[in-house]
Amino acid sequence: MNQRHINLLKIIKSFGKKNNDIGLLNDNEIIQIWEKAPDSFIKISGPVLKPLKEYYLKAIENSGFPHEMKIAQEIYDYWYKFYIGIIKEQRMNQANKSKVTSSQDQHKPNKTPTNYGRQMNEQKSHLEVNVVEAPEMTSASKSHVVENSNKAVKDTQAIEKKEPPLNIPAPTSIQLAPNQAPNLRPTQNKPVEPIIKPLQISIKNGNVGQEYDHQISINEDSIDNDKEIEYSILGLPPVGGLMFDSKTRSITGTPEKAGEYIIHIIRRNNSTGDKREADFKFIINPDPRSLWKVLEPEDMTDYKKHEDCQRIDLKTRRIIAASKRGRSHEHAAKYRDDDFYIDSLNTGWSIIAVGDGAGSAELSRVGSKIACDAVVSIIRDKLNELNGKVFEDKLIKYIKTGKDEPIRLDLYNIIGSAAFEAAKKIKQEARDRNYIPQKGSPEDAFATTLLIAIHKEFDVGHFFAGFWIGDGGLAIYNENDSVNLLGIPDSGEFGGQTRFLTTPNIITNNEELSKRIRFALVDNFTALFVITDGVTDPKFETDNNLINIDYWNNLWKELIDPKQADILSDEEPEKKLLNWLNFWSPGNHDDRTIAIYY
């Protein structure tokens, strides 16, 4: 018995079990019915039976394909029951003949009960054979069907030697047009059972800590059109913080725990009693901030605090500054590379310096501190020596004539010399340490940006001067009105590149150094900002947006918002500013430093 026989038996026996007649035939007889059928049966039914057998096997395995199972049952009803009636009649005839042979004194005529066979013939007569269009079979395909049939007959020869061949008549001839196949269909009208499609669920993912409000999308194909539908779900409690509304099919709340959850949904029709259920996957993504580690550096050499803040209260204004280690440095167990220094003098001058150490430089945290400390110290001395009355006269002359050379010479002497001396101190530090970097010159290991700002209020207005090397932002901001940059950010050829205080041919070139010093005289202002790129990148996105007043307005709204930085508060605004620096911005996790004079 080959695999084909086994498959046939599996199909036929499955049908027979449903009709309580499987015991009427043994396996060999079943195979003979299918294999010994005349060529007309093979030619007519072969193209139809082959896919139906495959459908039914899939139906057995997957508990599906109800439509194909129904068609396959029709095939069974017609052919198999027809042959079963004939075989039972033949068995009865053989049994009666045996009785006559064994009882020679009895010569009564044999009465063959043909009720079952007659019933099967009657059932067959009540079936219609409808011709339907089928794909055209090539001569090669027809030949292939006949060859397979002949091979199957040969495979059963061994079985036929053991069992007498059955005298099976050919089925009723069916006239088919070319390229057509039969569609066997009972004439009796039977109610068609509705096909209930499974529930199809669609739901968006949630995020831990973020408000969630979403209506579950469900296909509304059901066995009726009644609107009295009620939904319920199981599985939400493990997620936490969420609730389900059975009327709106909405899940609302704030997820508290990340994970993939299997939610079970039940759909009930209160009028018909119809109940359908399904499972679906509900994903709660973790809070990205929870994935960042906070690790301490192992090397305690050149230790620097992970965060710092400071405040200076003036007569009518205030200076605050804050600096915080970035998440990328926390995750990598590195120190904060940023630094700042703020100061005010009795002469009315205020000084701000901010440095951003290069992340790729091993000792940039040292370089930023050296630069900020050095420039404030030098500028303080220079401003104390400056004759305020003489300098104001220069401002008055500038206002009248527009000539700025005298002012520029003073600023070069004050700010330019301070930047130059800061670069020299870094180089000296590298030599004193005999430091051998992994790449570049020794001072490259201390690379840092540097932003400097000074301010004093004169009778003619507020005077600002600045020096800018590297990225970040240095600007005079007037709310809803204007922004005045005291320099231009240095952007390299690729993203993340910039210039540093130790970059060759910048500090040592008088013309290059002078270009980086700018000043402005304004009637009034809201705030002076000195910021590293850890803040400008997430808040301004590009350097071009630094001249866009809308971005500065948005930043200012955050800073004065009582629910955010709240810097206008009198209760430790510098600490509130430090807390604000912990804001979340995807992809922006560098150190953050900001100084504000307002």
Legend entry - Test log, rule salt bridge (charged side-chain N to carboxylate O under 4.0 Å, His left out), inputs Asp313 and Arg311: CA-CA 7 Å; Asp313 290 323; Arg311 179 184 82 202; 3.2 Å; yes
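- Ion pair Lys334/Asp299 not flagged as a salt bridge, since none of the NZ, NE, NH1 or NH2 atoms sits closer than 4.0 Å to an Asp/Glu carboxylate oxygen.
- For the pair Thr449 (side chain) and Gly470 (backbone), a donor-acceptor distance under 3.5 Å is absent.
- Contact check on Asp373 versus Lys369 returns a salt bridge, with a Lys/Arg side-chain nitrogen under 4.0 Å from an Asp/Glu carboxylate oxygen.
- Among Ile452, Leu450, Leu451, the one residue that satisfies the side-chain contact (heavy atoms from CB on, under 4.5 Å) test with Trp468 is Leu451.
- Legend: salt bridge (charged side-chain N to carboxylate O under 4.0 Å, His left out) pairs involving residues 199-214, not counting sequence neighbours: none detected.
- A salt bridge between Asp337 and Lys304 is absent, with no side-chain N of the basic residue lying under 4.0 Å from a carboxylate O of the acidic one.
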Would you give me the side-chain donor-acceptor pairs under 3.5 Å for residues 417-425, sequence neighbours excluded?
residue, atom, partner, partner atom, Å
Ser417, OG, Asn413, O, 2.3
Ser417, OG, Ile414, O, 3.4

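- Residues meeting the side-chain hydrogen bond (donor to acceptor under 3.5 Å, both in side chains) test with His455, sequence neighbours left out: His462, Tyr597.
- Ion pairing between Lys275 and Glu277 holds under the 4.0 Å rule for side-chain N and carboxylate O.
- By the 4.0 Å N-to-carboxylate-O rule, Lys576 lies close enough to Asp566 to be salt-bridged with it.
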Pairs under 3.5 angstrom only: tabulate donor-acceptor contacts from the side chains of residues 378-390 to other protein residues two or more places apart or in another chain.
residue, atom, partner, partner atom, Å
Arg380, NE, Asp343, OD2, 2.8
Arg380, NH2, Tyr341, OH, 3.4
Arg380, NH2, Asp343, OD2, 2.8
Asn384, ND2, Arg380, O, 3.2
Asn387, OD1, Lys389, N, 3.0
Asn387, OD1, Val390, N, 3.2
Lys389, NZ, Asp393, OD1, 3.1

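- Residue pairs meeting the salt bridge (charged side-chain N to carboxylate O under 4.0 Å, His left out) criterion with at least one member in residues 540-559, sequence neighbours excluded, are Lys539-Glu558.
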Extract all donor-acceptor atom pairs below 3.5 Å that involve side chains of residues 518-529 and protein atoms in other chains or at least two apart in sequence.
residue, atom, partner, partner atom, Å
Asn524, OD1, Arg317, NH2, 3.3
Thr526, OG1, Asn478, OD1, 3.4
Thr526, OG1, Glu479, N, 2.8

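- No salt bridge links Asp590 with Arg327; every basic N to acidic carboxylate O contact stays at or beyond 4.0 Å.
- The cationic group of Arg249 lies under 6.0 Å from the six-membered ring centre of Tyr231 and within 45° of the ring axis, placing it in a cation-pi geometry.
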